[in-house]
Amino acid sequence: VRKAWEDTPIKWSPIPIGLGLAFIAFLQYSKIMKRESEKDHDPSKALIVGPWHVHVISELPLKTISRLWGAFNSITLPVWFRVPGFKLYSWIFGCNLEEMKDPDLTHYKNLSEFFYRELKDGARPINFDAALVSPSDGRVFHFGLVDGSRVEQIKGMSYSLNQFLGSQKASETAEIIKATHSANIVDEEEFAEVNGISYTLDSLLGYDKESTIEHKKQDSQGNIVPDIEADQKSKKSDYRDELQMRPGNALFFCVIYLAPGDYHRFHSPTNWVAETRRHFSGELYSVSPWMVKQLQDLFVLNERVVLLGRWRHGFFSMVPVGATNVGSIVLNFDKELRTNRREDVHHRGQGELVYSGASRLLNGQPLQVGEEMGGFKLG
Amino acid sequence: STVVLVFEAPENFQFTIEPGQYVKMGQPLGVI
């Protein structure tokens, strides 16, 4: 081998032009294919991007840990342990025990029950003058305008609104809004019942019925009479107009983080109608401010329940996002919803996490400002 | 856990909160 290595003469010869061009074409083709595959990235997949310790965390069986945590905290505690145990938890996480509906700590069988405690009536006065009120206790993490179709997670890091709300491939945010509304148009005469009180959807949403133009027509004898058919047609088209993104409007977002000691039920932030519920059984990363800064696409990766609907200014959505300790999201008006289930299969591969999503029409669930909608439970 | 709101509103909608502020349920988030 050494002899061959040393004695074999090196003879340089030009590469045929055709071969050279074919090689360059192959390189270019590979580059274009790579670029196109990134562009056509399936919106049902999210990339895990972050420092090395984020990748380590992403390999942990977080959903299993969450379910075990939930099961552990559902064990009935001995009565003698409840008062000191819950007081210790409250001291560590800053729970206000004075505003609990049932102040007797021995009545809470386990930490899960204590965690999902109710508040005294009147403990949270609702500001009815505001356009929007806080749906829960918590810290305002971020808020602002949706920039194009991207929502800012933190400064310099954003995620796709389409992925977050669960659009179909290549659809735009406006199309989701349009599709969501047109999928389940509720007749304007339909009545909704909230807490035993009946409302028309118009009054609940604050649409001004008085402003509807009344159409007139001449009858066979030349008299001016109301044109009911034209009125109905006009009202239908008015409704469709209401369901589009209106001129002069913009999309806003607001993120509220609930710490472990906070009251963990969420309420309606305004008068609105929830029309569709989408459940995305993603991962259950912590959503603490530290993790939000570390993991890009955190809100797209995590398990969440997307409620899509409309309020008096157009499109409205509310999204409770789960976390490792609180994998169970509960909706009072949707008993079929089950989150953090073992059956929800996840596929992993090359840094991608594929999650399943399920939609359900809610048949126009009316929600009043301050009304309890559901909450987060342990595990 | 986290609650995210995404909504359409007139451009003059103004948030009445600060990042990092602690809010309680029912407190105003924004006005038009």
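So you know, we letter chains A, B, ... as the sequences are listed, proteins then strands, and number each from 1.
Of all the listed residues (Gly138(A), Pro135(A), Pro320(A), Ala259(A)), the one sharing the greatest number of non-hydrogen pairs under 4.5 Å with chain B is Gly138(A). Ranked by heavy-atom pairs under 4.5 Å with chain B, the first of Ala323(A), Ala130(A), Ser134(A) is Ser134(A). Chosen from Asp129(A), Ile126(A), Val140(A), the residue pairing most often with chain B at heavy-atom distances under 4.5 Å is Val140(A).
To the nearest 0.5 Å, atom CD of residue Gln27(B) and atom CG of residue Leu132(A) are 12.5 Å apart. Taking CG of Leu251(A) as the reference point, atom CZ of Phe13(B) lies at 12.0 Å (rounded to 0.5 Å). One distance of note links CD1 of Ile32(B) with CZ of Arg312(A); it measures 8.0 Å at 0.5 Å rounding. We find the NZ-CG distance between Lys24(B) and Asp262(A) to be 10.0 Å, quoted to the nearest 0.5 Å. Atom NE2 of His313(A) and atom CD of Glu8(B) lie 9.5 Å apart (nearest 0.5 Å).
With hydrogens and angles ignored, the 3.5 Å screen pairs no side-chain donor or acceptor of Ser1(B) with any backbone N or O of Phe376(A). Not a single donor-acceptor pair under 3.5 Å links the side chain of Arg124(A) to the backbone N or O of Gly26(B).
When side chains are defined from C-beta on, Phe143(A) counts as touching Pro19(B), because their heavy atoms get closer than 4.5 Å. The side-chain heavy atoms of Val255(A) and Thr2(B), taken from C-beta on, include a pair separated by under 4.5 Å. Within the 4.5 Å cutoff, side-chain heavy atoms of Leu258(A) are placed close to those of Val3(B). Counting only heavy atoms from C-beta outward, the side chains of Leu29(B) and Ile256(A) approach each other to under 4.5 Å. Contact annotation: the side chain of Phe253(A) never approaches that of Leu5(B) to less than 4.5 Å [non-hydrogen atoms, C-beta and beyond]. Residues Met318(A) and Val4(B) fail the side-chain proximity criterion, which asks for heavy atoms closer than 4.5 Å.
Residues Cys254(A) and Ile17(B) share a closest heavy-atom pair of SG-CD1, 3.9 Å. Nearest heavy-atom pair across Ala250(A) and Glu11(B) is CB-CG, 4.0 Å.
Residue Val326(A) touches chain B through its side chain alone, counting heavy-atom pairs closer than 4.5 Å. Only the side chain of Pro269(A) comes within less than 4.5 Å of a heavy atom in chain B; its backbone stays farther off. Only the side chain of Phe15(B) comes within contact range of chain A, with at least one heavy atom under 4.5 Å from a heavy atom of that chain. Heavy atoms closer than 4.5 Å to chain B are found in the backbone of Pro125(A), but not in its side chain.
Annotation: salt bridge (charged side-chain N to carboxylate O under 4.0 Å, His left out) contacts involving residues 264-274 of chain A, sequence neighbours excluded, comprise Arg265(A)-Glu372(A).
Ring-plane geometry between Phe252(A) and Phe7(B) is classed as parallel, the angle between the planes falling under 30 degrees on a 0 to 90 degree scale with a further cut at 60.
With sequence neighbours excluded, the residues that form a side-chain hydrogen bond (donor to acceptor under 3.5 Å, both in side chains) with Ser66(A) are Asn340(A).
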